[in-house]
Amino acid sequence: MQVPFMDLKAQHMALKAEIDAAIADCLENSAFIQGRRAAAFEREFAAYLDVARVVGCANGTDALYLALRGLGIGPGDEVVVPANTFIATAEAVTMTGAEVVFCDVDPRTGTMRPQEARERITGRTKALVPVHLYGFPADLTGLRQLADAHGLKLVSDSAQAHGARIGGRDVAKLSDVSCYSFYPGKNLGAIGDAGALATDDETLAETLSMMRNHGRKDKYLHMFEGVNMRLDEIQAAVLRVKLQRLEAWHDIRTALARRYVCELAGVGDLVLPPEDAALRPVYHLFVVETARRDALQTFLTDRGVATGIHYPIPLPLQPAYARLGLSERDFPVAVGKARRILSLPLFPEMRPAQQAYVVERIREFFGSVA
Ligand SMILES: *Cc1c(COP(=O)(O)O)cnc(C)c1O
């Protein structure tokens, strides 16, 4: 049996007729940029998140950049980012001219928490950017207290966390701005690059809306120099189709995660993803930890099971950040996790027989009988 890491083709085939019609509608109306589909998607995604405004943009990296710049962050400022995330979180900080400051993470969840973030705050710090890694909500309650105590903005990197909630409220609702990626493999994926920002601050939303479109208030009225980071009509039209499926996909992801948890509990030295009744994670990835990670990955690859490592090198230790002169000792938790984590296949189109096969192979590896 072959078990892929995800199956975007299967997702597309299930929606093909609707997606084809949505794209044809754009082409037949020559609707490409800044039209009613992007505006409709912004309204629908805002309703889904229960926030006042969503501003579409070109991708998740741009969403993070726009959020920080929209909050007035730039040269001379510092922004705290967790050590284990995708590089885009940190790149967006550098793009504004500010300096990225990395903090270590919660050993249980792998996300930013107040203890470690606090140690990195200086007189120049302007914002915290927690990442809801793998779709698991970071401690926004604790981070909000820390941010308020120091006059900092709280910007969520929600690129992996569309619809993640804390105590019934979306992570977007608990952030000053929440940034989304609709990269094709994300829980809500476009057919190319796309992104969005969500906020309850109407004034900020107006600024962001102009900023992503050349600082335009009107076609030939530019209030300031912005950028071209718009969400296009075809991506928006496809996202509108998929948004209607997002909750159903969420339910399937959750059921798959529960099954993994039931069937893998106590197998070998496996550490399974955290569970917390007050939180609604969205299982973008299902990540386990084991001291025998490399051997397990090879064993699964040899038996047709695709896996991933998110992420193998903590960001502060990447060549891209050599200028910061940081070492493994500064990030013991992130470094330990990078050696132990393995992402198992989990996607809405996954068949029960595929999941059973993955579970059986993992048990076989650890020599534990069903
Ligand atoms: C995907 C991702 C991004 C970047 O999104 P793009 O749309 O690819 O620019 C940022 N942060 C995290 C955590 C991501 O997973």
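Numbering of ligands and ligand atoms starts at 1, following listing order.
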Parallel, tilted or perpendicular: ring planes of H214 versus H222, cut at 30 and 60 degrees: perpendicular
Distance-only N or O hit between ligand 1 and [X], under 3.5 Å:
X	value
T85	no
S181	yes
F182	no

Whether R212 side chain and G56 backbone form a donor-acceptor pair below 3.5 Å: yes
Sidechain-backbone polar pair: D251 side chain, A248 backbone, donor-acceptor under 3.5 Å: no
Under-4.0 Å heavy-atom contact with ligand 1, by part of N59 that carries it: both
Under-4.0 Å heavy-atom contact with ligand 1, by part of D157 that carries it: side chain
Check: F182 ring centroid to F41 ring centroid under 6.0 Å: yes
Ring centres under 6.0 angstrom apart (H162, Y48): no
Of all the non-hydrogen atoms in the protein, which one sits nearest to [atom], and at what distance?
atom	value
atom 15 (O) of ligand 1	Q160 NE2, 2.9 Å
atom 2 (C) of ligand 1	K186 NZ, 2.7 Å
atom 9 (O) of ligand 1	T61 OG1, 2.5 Å

Which atoms of ligand 1 have any heavy atom of [X] under 4.0 Å away?
X	value
A159	2 (C), 3 (C), 10 (C), 11 (N), 12 (C), 14 (C), 15 (O)
V131	13 (C)
G60	5 (O), 6 (P), 7 (O), 9 (O)
A88	3 (C), 4 (C), 10 (C)

Residues in ring-ring contact (aromatic ring centres under 6.0 Å, His included) contact with H310, at least two apart in sequence or another chain: F5
Please list, one pair per line, the donor and acceptor atoms closer than 3.5 Å that link side chains of residues 319-337 to other protein atoms, with sequence neighbours excluded.
residue: R323; atom: NH1; partner: E99; partner atom: OE2; Å: 2.8
residue: S327; atom: OG; partner: R329; partner atom: N; Å: 3.3
residue: E328; atom: OE1; partner: R339; partner atom: NH2; Å: 3.2
residue: D330; atom: OD2; partner: S327; partner atom: N; Å: 2.8
residue: K337; atom: NZ; partner: P107; partner atom: O; Å: 2.9
residue: K337; atom: NZ; partner: E289; partner atom: OE2; Å: 2.5

Exercise: do E78 and T122 side chains pair donor with acceptor under 3.5 Å: yes
